[in-house]
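Here's the structure, in structure tokens; my notes come after.
Order of the sequence lines sets the chain letters (A, B, ...), proteins ahead of strands, with each chain counted from 1.
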There are 2 protein chains.
Amino acid sequence: MPTRSPAEKIRSTIPKVAGVSRRQQYSASTKRALVDVATRLFTEQGYAATSLDQVVAGARVTKGALYHHFSGKQGVFEAAFEQVERDASKRIRKALRGSRDPWEKALIGLRAFLEIVQDPSYQRVVIQEGPAILGYERFREQEERSSYGLVQDMVRDVLEDSTYDLSEEMLETFTRIFFGAMSAAGESVSSAADPRLAVARVETAIAFILTGLRTLADNGVELPDPADLLEQTDDE
Amino acid sequence: MPTRSPAEKIRSTIPKVAGVSRRQQYSASTKRALVDVATRLFTEQGYAATSLDQVVAGARVTKGALYHHFSGKQGVFEAAFEQVERDASKRIRKALRGSRDPWEKALIGLRAFLEIVQDPSYQRVVIQEGPAILGYERFREQEERSSYGLVQDMVRDVLEDSTYDLSEEMLETFTRIFFGAMSAAGESVSSAADPRLAVARVETAIAFILTGLRTLADNGVELPDPADLLEQTDDE
DNA sequence: TTGGGTACGTACTCGCGGTATGTGAATCTG
DNA sequence: CAGATTCACATACCGCGAGTACGTACCCAA
């Protein structure tokens with residue numbers, strides 16, 4: 001039994017033998033194992049239906065280990081959430097590489113997003129349970145740093161390509177709307193009988209909407225000032 | 001100490017003083033009282049942080065009563081959910097009364113929806129926790145019967161006004177997208193520093209998008225067939 | 001009057017999140 | 001190289017809260 005000092009070095013060749021304490025196999029990656037198991041269980045059963053006992057059993061450790069690495073059940077969920085999100089935004093960024101034209105980028109990004117949204121973990125952990133478990137504030141903070149940020153870049157490019165020079169708030173508003181649209185589209189894709197056909201429909205619909213915006217831009221139609229809407233009801 | 005023993009049950013004329021059993025005051029509406037209290041607590045604290053003991057205490061009954069009327073905690077939540085949704089769709093329907101032009105109806109409906117989405121109960125119970133608690137399938141079933149159905153009517157009217165005659169699936173797709181967009185918009189409104197200004201921004205943005213679609217319609221631009229997108233990748 | 005159904009109340013169990021504390025091995029210190 | 005300290009867990013336990021079993025007062029029909 002090779003009890004080596006830098007246990008982190010043993011990353012290769014993992015002979016998984018039953019009965020052996022996980023700790024001796026690769027103690028440094030206990031945390032990662034916990035997150036992996038938790039992600040799987042959360043995806044399959046949901047947050048509430050998953051007990052920490054199941055998680056630690058799956059990772060072949062005990063609750064002591066879990067509470068050593070995480071603040072609690074919610075902490076584990078956050079770690080799982082971040083991992084799933086990181087993977088997702090990485091995939092989108094990869095797909096986006098090479099595209100230059102903002103409208104093309106938007107479509108490429110949409111396509112990548114529709115792929116990702118078919119991932120059960122992304123569906124359950126990020127979209128469905130994320131907001132409720134993390135709380136809406138934290139959920140938005142996380143999104144900001146990943147997929148939402150990508151959508152924002154796309155929207156900015158597209159709208160600025162249309163020579164609109166819009167305020168931060170309007171950019172934010174458009175981004176929220178498109179992000180919501182894409183999320184909802186993704187959910188509908190995920191529960192469709194034929195996902196590929198569903199993806200095609202969503203692409204068609206959103207491309208159509210984008211075409212509409214582009215036409216407006218080409219015709220020099222200006223984006224109204226939202227403040228105008230307020231004046232007419234400013235006395236109530 | 002408000003815990004009364006069975007012997008203390010008062011059967012003669014009772015002054016309406018706090019501390020008497022709720023049952024004797026209006027036993028017929030115990031269920032309603034439970035739902036009301038539950039809705040309030042779910043809104044304020046969320047589903048997980050609300051205990052059934054709090055609910056029954058608020059309604060001045062015991063768990064026996066609750067489990068007589070509902071199947072469990074989830075059952076209570078469903079009842080609360082349905083009530084909040086019923087109120088919401090009622091308000092939208094009311095606002096929609098009188099409008100004829102589909103584009104105008106869409107804007108009116110949007111405005112009404114943006115009002116509703118500022119209601120804390122709707123935010124928390126329907127939007128945030130609804131999907132996670134009910135499960136996505138049940139959540140969609142419920143939505144189908146209320147606000148989603150309204151959006152679908154609006155989308156159908158608008159798109160058919162554009163002389164597109166689209167398939168049920170494309171209608172469904174467009175509706176999902178718009179519903180998602182409006183939900184997301186609603187959430188951004190609900191957490192905005194100045195809700196009224198946020199509403200104005202959302203209205204501006206969506207109206208702009210609708211204008212784009214309308215322009216396409218006026219110019220006779222056709223909606224592509226989603227099946228076209230599939231062919232080019234049909235061999236893999 | 002009595003039997004059954006309704007509308008609760010009471011008392012209990014048990015799973016699960018969280019905590020307090022123990023422990024062997026690795027690391028640091030003199 | 002012996003202690004001291006810290007790390008990375010393991011073990012044992014607690015309390016809260018959802019759900020259940022069962023009892024009971026009231027109402028109505030026959």
Side-chain angles (χ1 to χ4, degrees), chain A residues 1-10 19-35 37-38 41-42 45-80 129 133, chain B residues 1-12 14 19-35 37-38 41-42 45-80 133:
Chain A
M1 131 184 136
T3 28
R4 323 201 91 247
S5 13
E8 313 135 24
K9 298 290 163 60
I10 339 171
V20 183
S21 162
R22 240 211 88 268
R23 186 183 184 193
Q24 291 152 0
Q25 291 187 29
Y26 35 97
S27 79
S29 56
T30 298
K31 189 170 180 177
R32 190 206 183 101
L34 282 168
V35 174
V37 173
L41 291 176
F42 286 154
Q45 315 174 350
Y47 180 80
T50 300
S51 74
L52 292 186
D53 286 338
Q54 288 180 55
V55 175
V56 296
R60 296 209 306 269
V61 291
T62 61
K63 289 170 83 169
L66 192 148
Y67 276 91
H68 176 72
H69 289 289
F70 304 97
S71 59
K73 191 179 186 182
Q74 186 153 336
V76 178
F77 182 84
E78 287 178 30
E129 304 208 308
I133 310 296
Chain B
M1 226 74 74
T3 31
R4 325 191 139 266
S5 73
E8 283 183 74
K9 288 273 171 77
I10 318 160
R11 40 200 349 272
S12 51
I14 308 144
V20 297
S21 161
R22 236 212 90 268
R23 187 185 183 191
Q24 290 150 358
Q25 288 186 28
Y26 32 95
S27 78
S29 57
T30 297
K31 189 170 180 177
R32 190 208 184 98
L34 282 168
V35 174
V37 173
L41 292 176
F42 287 153
Q45 317 173 348
Y47 180 80
T50 300
S51 75
L52 292 185
D53 287 337
Q54 287 180 54
V55 175
V56 297
R60 295 209 305 270
V61 290
T62 62
K63 288 170 85 170
L66 192 148
Y67 277 90
H68 175 72
H69 289 289
F70 304 98
S71 58
K73 192 180 186 182
Q74 187 154 334
V76 177
F77 181 84
E78 287 178 29
I133 310 295

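- Residue A:G72 comes nearest to A:Y67 through the heavy atom pair CA-CE2, 3.6 Å, listed as atom of the first residue, atom of the second, then distance.
- Taking for each of A:S71 and A:A49 the nucleotide of DNA chain C with the nearest heavy atom, the 5'-most of the two is the partner of A:A49.
- Of the candidate nucleotides D:dC9, D:dA18, C:dG9, D:dA18 has the atom lying nearest to any side-chain atom of B:L52.
- Between the CZ atom of B:F70 and the P atom of C:dC8 there is a distance of 11 Å, rounded to whole Å.
- Checking the phosphate oxygens (OP1, OP2) of D:dC9, a side-chain nitrogen or oxygen of A:T30 falls inside 4.0 Å.
- Across the protein-nucleic acid pair, A:D53 atom CG and D:dC13 atom P stand 16 Å apart, rounded to whole Å.
- Between B:Y67 atom OH and D:dA21 atom P there is a gap of 12 Å when expressed in whole angstrom units.
- Between the P atom of D:dA18 and the CD1 atom of B:I133 lies a distance of 12 Å, rounded to the nearest Å.
- Nearest heavy-atom pair, B:L34 versus B:L66, reported as atom, atom and distance to 0.1 Å: CD1-CA, 3.9 Å.
- When atom types are taken as modelled, the side chain of B:S51 and the backbone of B:Q54 share a donor-acceptor pair closer than 3.5 angstrom.
- Between A:H68 and the phosphate of D:dC7, there is no side-chain N or O to OP1/OP2 separation shorter than 4.0 Å.
- Rounded to whole angstrom, the span from the CG atom of B:L66 across to the C1' atom of D:dG19 amounts to 11 Å.
- Taking only side-chain nitrogens and oxygens, A:H69 comes nearer than 4.0 Å to OP1 or OP2 of D:dC9.
- Under the 3.5 Å distance criterion, the side-chain polar atoms of A:E129 are matched with a main-chain donor or acceptor of A:Y47.
- Across all strands, A:G72 comes closer than 4.0 Å only to sugar-phosphate atoms, never to a base (heavy-atom distances).
- As judged by a 4.0 angstrom heavy-atom cut-off over every strand, B:T62 is placed among the base-contacting residues.
- In this structure, A:K73 atom NZ and D:dC16 atom C1' are separated by 14 Å, rounded to whole Å.
- At a threshold of 4.0 angstrom between heavy atoms, the contacts of A:T50 are confined to the sugar-phosphate backbone, with no base atom among them.
- Of the two residues near DNA chain C, A:G64 and A:A48, the one whose nearest nucleotide lies more 5' is A:A48.
- Atom CZ of B:R60 is separated from atom C1' of C:dG9 by 16 Å (rounded to the nearest Å).
- As a whole-Å value, the separation of A:Y47 OH from C:dG17 P is 8 Å.
- Between A:A59 and A:V37, the closest heavy-atom pair is N-CG2, 3.9 Å.
- A donor-acceptor contact under 3.5 angstrom links the side-chain atoms of A:K63 to the base of C:dG17.
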